[in-house]
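Whatever order the structure lists ligands and atoms in, that order sets their numbers, starting from 1.
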Amino acid sequence: MKSFDSSLLYVLSGTGNTYRVACWIKESFEKTGIMTCIKFIEDADFQSDFQNPDKQLTAVLFPTHGFMPPWSMIKFLFRMPRQKRVPVMSIATRGAVWLGPVKIPGAAGFSNFFSSLILLFKRYDIRGFFSLDMAANMNNLHPSLSTETVKSISEKSKSRINLFLNPVLSGKRVLFTLNNLYEGIWSGLLFWLIPIFPILYLIYGKTSMAKIMFASNNCVSCGMCAKLCPNNGIEMKNFLGKKRPFWTYHCENCMRCMGYCKKKAVEAGHSLGVLQFFLLTIPIFAKLLSLLTSYTGISFEINNFWIMSLVESLYYLPALLLSYWVFWLLIRIPVVNTIFSVTTLTHYFKRYHDPETSIKDLFKKEAK
Ligand SMILES: Cc1cc2nc3c(=O)[nH]c(=O)nc-3n(C[C@H](O)[C@H](O)[C@H](O)COP(=O)(O)O)c2cc1C
Ligand code: SF4
Ligand code: SF4
């Protein structure tokens, strides 16, 4: 007997990997007669989405960012309505790297444990969670894997997915698996070595990584990156008669704009990042403290690491924003733009997005 009549897949995806996984699940479910709807989280309508909740298998799917779900997914999970034991599963995609014979799997770390915990508190019935390797997409740090490697990783994951889905469909719970043990070990290691890493990543990754993004001279002001961004992270700002993308703090570094810009104009400025770190944040902050000391006669030397970090953060974010504004104005000068473009590694990187996921797919409101 079928345990479910329908399925609802809530998806967050940057470069299309997670959307691709949702498509495989839809294909697999529909073969068994389960009507499946894929919805991007920004299109969720909780009133109409849970019409027949007991007979509907709901799933949340998202990419791993810094061993955690991305911010927008965390916010979405908190927004999800409280339920009475509605069946749900959580699926995190993670970034695998295959370098010839060396196959390094991704690590979703806390991602699924975190999402499942929130859903458990909201009284959902957790039927299973698992993480799945897809091609690593951190295009701000590394070039895209080769087409063949991307294909091999996808094919392997597609062939494995039913191992997880079939038991869930037959009503079993899939919690204690080797895959989840692997992620548990990663989480344990992280807790032990750098317990605040995920929180640091959520705060500093989100703020700093967005503030090195810029459009090179190749930009034709088409605005596609701003339209495509799932987080409204790009504003097209006017300057001297031309519109150019400006990355705001809403950006979550999902790499979609970089992967889909047809002009390959989106760059993550490595040289800019180095400048911001060495020239701006630390020396100016130190100077500010010594100025304060000389004016007031009070010593502002803070020896406690945590208090110092907090004080520095208060200074760091506005300083970063200000420096980004200045940078954004300066890169309108073509030669300045060229200097920052040729001194970032991304200028030489092949871009990545899931080869089967088109721009049209990402604009879709409802299931195919
Ligand atoms: C900012 C950022 C952080 C990431 N952090 C991790 C990570 O901690 N562990 C991991 O295995 N993959 C990580 N990845 C890789 C992605 O999770 C993986 O490629 C995923 O399949 C991308 O899915 P999407 O195309 O749907 O966004 C990260 C990617 C980005 C862009
Ligand atoms: S960065 Fe690319 S997508 Fe964005 S406006 Fe420029 S050309 Fe268009
Ligand atoms: S601005 Fe680009 S990298 Fe940032 S969230 Fe939007 S699409 Fe993703």
Indicate yes or no: at least one non-hydrogen side-chain atom of Phe78 is less than 4.5 angstrom from one of Lys75. no

Ignoring hydrogens and geometry, is there a side-chain-to-backbone donor-acceptor pair from [X] to [Y] under 3.5 Å?
{"X": "Asn139", "Y": "Met255", "answer": "no"}
{"X": "Ser6", "Y": "Thr36", "answer": "no"}
{"X": "Thr64", "Y": "Phe67", "answer": "no"}
{"X": "Arg20", "Y": "Glu356", "answer": "yes"}
{"X": "His353", "Y": "Tyr260", "answer": "no"}
{"X": "Asn180", "Y": "Phe176", "answer": "no"}
{"X": "Lys55", "Y": "Asp5", "answer": "no"}
{"X": "His142", "Y": "Phe349", "answer": "no"}

Check against salt bridge (charged side-chain N to carboxylate O under 4.0 Å, His left out), Lys84 and Asp54: CA-CA 9 Å; Lys84 273 200 185 135; Asp54 299 334; over 6 Å; no

Using a plain distance cutoff, I'd like to know if [X] has any nitrogen or oxygen under 3.5 Å from a nitrogen or oxygen of ligand 1.
{"X": "Thr15", "value": "yes"}
{"X": "Gly14", "value": "yes"}
{"X": "Asn17", "value": "yes"}
{"X": "Ala135", "value": "yes"}
{"X": "Gly66", "value": "yes"}
{"X": "Pro63", "value": "no"}

Give the atom numbers and elements of ligand 1 that come within less than 4.0 Å of a heavy atom of [X].
{"X": "Thr18", "answer": "23 (O), 24 (P), 26 (O)"}
{"X": "Met134", "answer": "21 (O)"}
{"X": "Phe67", "answer": "7 (C), 8 (O)"}
{"X": "Asn253", "answer": "1 (C), 31 (C)"}

Considering only heavy atoms of [X], which atoms of ligand 2 have at least one such atom less than 4.0 Å away?
{"X": "Gly223", "answer": "5 (S), 8 (Fe)"}
{"X": "Cys219", "answer": "1 (S), 5 (S), 6 (Fe), 7 (S)"}
{"X": "Val220", "answer": "6 (Fe), 7 (S)"}

Checking heavy atoms under 4.0 Å, the part of Met255 that sits near ligand 3 is backbone

Side chain, backbone, both or neither: which part of Leu228 comes within less than 4.0 Å of ligand 3 when only heavy atoms are counted? neither

For Asn231 and Trp71, run side chain to side chain contact (heavy atoms under 4.5 Å, CB included): C-alpha distance rounded to whole Å, both residues' side-chain angles, the deciding distance at 0.1 Å, then the answer. CA-CA 10 Å; Asn231 299 306; Trp71 262 121; over 6 Å; no

Taking a hydrophobic cluster as the set of Ile, Leu, Val, Met, Phe, Trp and Tyr residues connected by side-chain heavy atoms closer than 4.5 Å, whether directly or through intermediates, do Ile153 and Ile161 fall within one such cluster? no

Considering only heavy atoms, does His65 approach ligand 1 within less than 4.0 Å through its side chain, its backbone, both, or neither? both

Using a 4.0 Å heavy-atom cut-off, say whether Met255 meets ligand 1 through its side chain, its backbone, both or neither. side chain

Give a yes/no on ligand 1: does Gly109 have at least one heavy atom closer than 4.0 angstrom to it? no

Test item, Asp354 contacting ligand 1 (heavy atom, 4.0 angstrom): no

I need the nearest protein heavy-atom contact for [atom]: residue, atom name and distance, please.
{"atom": "atom 2 (Fe) of ligand 3", "answer": "Cys257 SG, 2.3 Å"}
{"atom": "atom 1 (C) of ligand 1", "answer": "Tyr201 OH, 2.9 Å"}
{"atom": "atom 5 (S) of ligand 3", "answer": "Glu252 N, 3.2 Å"}
{"atom": "atom 8 (Fe) of ligand 3", "answer": "Cys254 SG, 2.4 Å"}

Working note: Thr93 + Thr18, criterion side chain to side chain donor-acceptor pair (under 3.5 Å); need CA distance, chi angles, decisive distance, verdict. CA-CA 6 Å; Thr93 65; Thr18 315; 3.0 Å; yes

Ion pair Asp133/Lys156, N-O distance below 4.0 Å: no

Would you mind checking if Arg351 and Glu267 are paired as a salt bridge, meaning a charged N to carboxylate O distance below 4.0 Å? yes

Distance under 4.0 Å to a non-hydrogen atom of [X]: what atoms of ligand 3 satisfy this?
{"X": "Ile234", "value": "1 (S)"}
{"X": "Trp247", "value": "1 (S), 2 (Fe)"}
{"X": "Asn231", "value": "5 (S)"}

Just to be sure I read this right, does ligand 2 sit under 4.0 Å from the backbone of Val266, its side chain, both, or neither, counting only heavy atoms? side chain

Backbone, side chain, both or neither: what part of Met236 comes under 4.0 angstrom of ligand 2, heavy atoms only? side chain

Measure from [atom] to every heavy atom in [options] and give the option owning the shortest one.
{"atom": "atom 22 (C) of ligand 1", "options": "Val97, Asn137, Leu145, Leu12", "result": "Asn137"}
{"atom": "atom 18 (C) of ligand 1", "options": "Ala136, Gly95, Pro70, Gly259", "result": "Gly95"}
{"atom": "atom 4 (Fe) of ligand 2", "options": "Ala215, Cys222, Cys225", "result": "Cys225"}
{"atom": "atom 9 (N) of ligand 1", "options": "Pro105, Ala107, Ala92, Gly106", "result": "Ala107"}

With a 6.0 Å cut-off on ring centres, are Phe214 and Tyr324 close enough? no

Could you pull out all residues at least two apart from Phe130 that satisfy ring pair (Phe, Tyr, Trp, His ring centres under 6.0 Å)? Phe164

Restricting to N/O/S atoms, is Cys229 within less than 2.8 Å of atom 4 (Fe) of ligand 3 or not? no

Test: Lys211 cationic atom under 6.0 Å from Tyr249 six-membered ring centre, within 45° of axis: yes

